[in-house]
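Each remark here refers to the structure printed beneath this line.
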Amino acid sequence: MDASTTRSSQRLDGRFVSLNLNVRGMGPSATLAIKERCRALRAQGRRIYDFGLGQSPFPVPTPVVEALRRAAHEKDYLPVKGLPALREAVAEFHRRKEGVPAQAEHVLISPGSKELMFLLQLVYYGEIILRTPCWVSYLPQAQIIGRRVTLIPTTFEGGWKITPENLMWVLVGANDDGRPRLLVLNYPMNPTGHSYTVDELRDLAEVARRYNLIVLSDEIYGQLHFRSEHVSIARFCPERTIISSGLSKWCGAGGWRLGTFTFPPDLSWLLDAMSAVASETYTSVSAPIQHAAVEAFRCGVEIERYLWQVRRILSALGASCVRTLQEGGARVVPPVGAFYLFPDFSPLADRLARRGVLTGADLAGRLLDETGAAVLPGSDFGRPAEDMTARLSYVDFDGSQALAAGETIPLDQELPPDFLSQHCPNVLEGVQRIASWVAG
Ligand code: GLU
């Protein structure tokens, strides 16, 4: 594993820590670095199981592609905050899907939700609260800007979730109730594939309200909840929740670069500050992409059918990978959404140590070298270096082919037993190789 994928390994050295970070020594983002590495290894003829970057394997739904084709001639700069019809479609999407009172005037469109998170951290003067494991870029973004970050480590036993109790412990420990703080939640979760229950969200919302936190609710995987049961924390504290979404995951359009933030009215000062920065930097998102995104966020029948197929394929594949990893001796929280697993190999730590594997980065490096399976070590997600965890994105398959095959099977039926071996063979084989290697 190269240095760029292990650079965050020193970050966490206590149970709850506050970090003042800086930019020196930063490498490229771990997710993008591993993608490049896989490409290079494949170009050398190596057999690689690419479980690194979290990119949807599925195609962009046909009505959205057609909308983009129709909009190809759109060439004017669009308003900084976004195409009005798109802002309305996004607000309506959240009203319908999450039952929250979103309004078009409070929606901000950008080239990817990653950019919006960066802008938010830039304009918001407070401290950022994150759980670990957390998505790879939250911490480096805070580092670039020089924001103070508080990490809340979570555990396998606790389903890798922040509880109201450990959130409160951090808040009370800070001994300053009025301090401006931004709590970042992400569910279904990257890198663990799990999500919060309605009761857990309600309890977290109560703590957020009591301590006057702003909540950034990263719901980019919301539509990939396998049972279509995603609930937003904005239902319980709408006045302080910013909902983050975009086209990258549920719409299979990561490379289109379109993200959205939906603010409550009281936080429109943040939206205005972010769009001021946007106006001096990227100006606006590509016009054809924004026109096509209107079709996506309207989420018509054909897109809903697509989502049902996508969910049942990911659900079956996730469950199969969990079984294989557990047979190899890993502990894994079964996913309820997205396309990630975060196996914990600590039950095998002694055995691994005898083979010279002492850190998560050692493990990821050896897996890549000796099995061809590319995963990211837990340290890229804010975990300590010695954590025997890794993130596995089970996306290395031809989503178009799997989707076409899924469409021939009625939605109320289970996928046949050989579906995964026919349409996702690389994932099954790669995960089996990981399980055999760690068990060996
Ligand atoms: N969300 C994706 C992942 O965690 C990567 C997207 C990106 O880093 O821009 O792998």
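In this text, all values refer to a predicted model and were calculated from it rather than measured experimentally.
Considering CG of Leu201 and CZ of Arg235, their distance stands at 9.5 Å, rounded to 0.5 Å.
Using a cut-off of 4.0 Å between Lys/Arg side-chain N and Asp/Glu carboxylate O, Glu295 and Arg298 are scored as not salt-bridged. Here Arg148 pairs with Glu127 in a salt bridge; the nearest charged N to carboxylate O distance falls below 4.0 Å.
The one candidate from Val64, Leu68, Thr62 that meets the side chain to side chain contact (heavy atoms under 4.5 Å, CB included) condition with Glu66 is Thr62.
Residues forming a side chain to side chain contact (heavy atoms under 4.5 Å, CB included) with Thr359 (at least two apart in sequence, or on another chain): Ala361, Asp362. Scored by the salt bridge (charged side-chain N to carboxylate O under 4.0 Å, His left out) test, Asp272 finds Lys81 as partners (sequence neighbours excluded). Listed by chain and residue number, nothing satisfies the salt bridge (charged side-chain N to carboxylate O under 4.0 Å, His left out) test with Arg305 (two or more places apart in sequence, or in another chain). Lys35 meets the salt bridge (charged side-chain N to carboxylate O under 4.0 Å, His left out) test with Asp50; sequence neighbours excluded. Remark: Glu229 engages Arg227 in a salt bridge (charged side-chain N to carboxylate O under 4.0 Å, His left out) (not counting sequence neighbours).
For residues 95-115, every residue pair satisfying the salt bridge (Lys or Arg N to Asp or Glu O under 4.0 Å) rule, not counting sequence neighbours, is listed here: Glu88-Arg95, Glu92-Arg95, Glu92-Arg96, Lys97-Glu304. Among residue pairs with one or both ends in residues 152-161, those qualifying as salt bridge (Lys or Arg N to Asp or Glu O under 4.0 Å) are Glu157-Arg331, Lys161-Glu200; sequence neighbours excluded. Pairs engaging residues 400-415 under the side-chain hydrogen bond (donor to acceptor under 3.5 Å, both in side chains) rule: Gln401-His423 [sequence neighbours left out]. Residue pairs that meet the ring-ring contact (aromatic ring centres under 6.0 Å, His included) test with at least one member in residues 100-128, sequence neighbours left out, do not exist here. Listed by first and then second residue, the ring-ring contact (aromatic ring centres under 6.0 Å, His included) pairs that reach into residues 54-78 are Phe58-Phe397, sequence neighbours excluded.
Smallest separation of non-hydrogen atoms from Leu204 and Pro164: CD2-N, 3.9 Å. Taking both residues in full, the closest heavy atoms of Tyr306 and Pro59 are given as OH-O, 2.7 Å, listed atom of the first, atom of the second, then distance.
Ser346 and Asp344 share a side-chain donor-acceptor pair at under 3.5 Å.
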Could you give me the CA-CA distance, side-chain angles and deciding distance for Asn212 and Arg179, then say whether side chain to side chain donor-acceptor pair (under 3.5 Å) is met? CA-CA 9 Å; Asn212 204 23; Arg179 187 149 112 207; over 6 Å; no
Under the criterion side chain to side chain donor-acceptor pair (under 3.5 Å), I'd like the reasoning laid out for His230 against Glu219: C-alpha separation, chi angles, the key distance, then a yes or no. CA-CA 9 Å; His230 175 69; Glu219 302 179 29; 2.7 Å; yes
Run Ser217 and Tyr187 through side chain to side chain donor-acceptor pair (under 3.5 Å) and show every step you take. CA-CA 8 Å; Ser217 184; Tyr187 52 100; 2.6 Å; yes
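Side-chain rings of Tyr221 and Tyr340 approach one another, their centers coming within less than 6.0 Å.
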Considering only distance and modelled atom types, tabulate donor-acceptor pairs under 3.5 Å from the side chains of residues 276-294, sequence neighbours left out.
from	atom 1	to	atom 2	distance (Å)
Ser279	OG	Ala276	O	2.7
Thr281	OG1	Val277	O	2.8
Thr281	OG1	Ala278	O	3.3
Ser284	OG	Leu78	N	3.4
Ser284	OG	Leu78	O	3.3
Gln290	OE1	Leu83	N	2.8
Gln290	NE2	Val285	O	3.0

Under 3.5 Å, sequence neighbours excluded: what are the donor-acceptor pairs made by side chains of residues 242-252?
from	atom 1	to	atom 2	distance (Å)
Lys249	NZ	Gly54	O	2.8
Trp250	NE1	Gly246	O	2.9

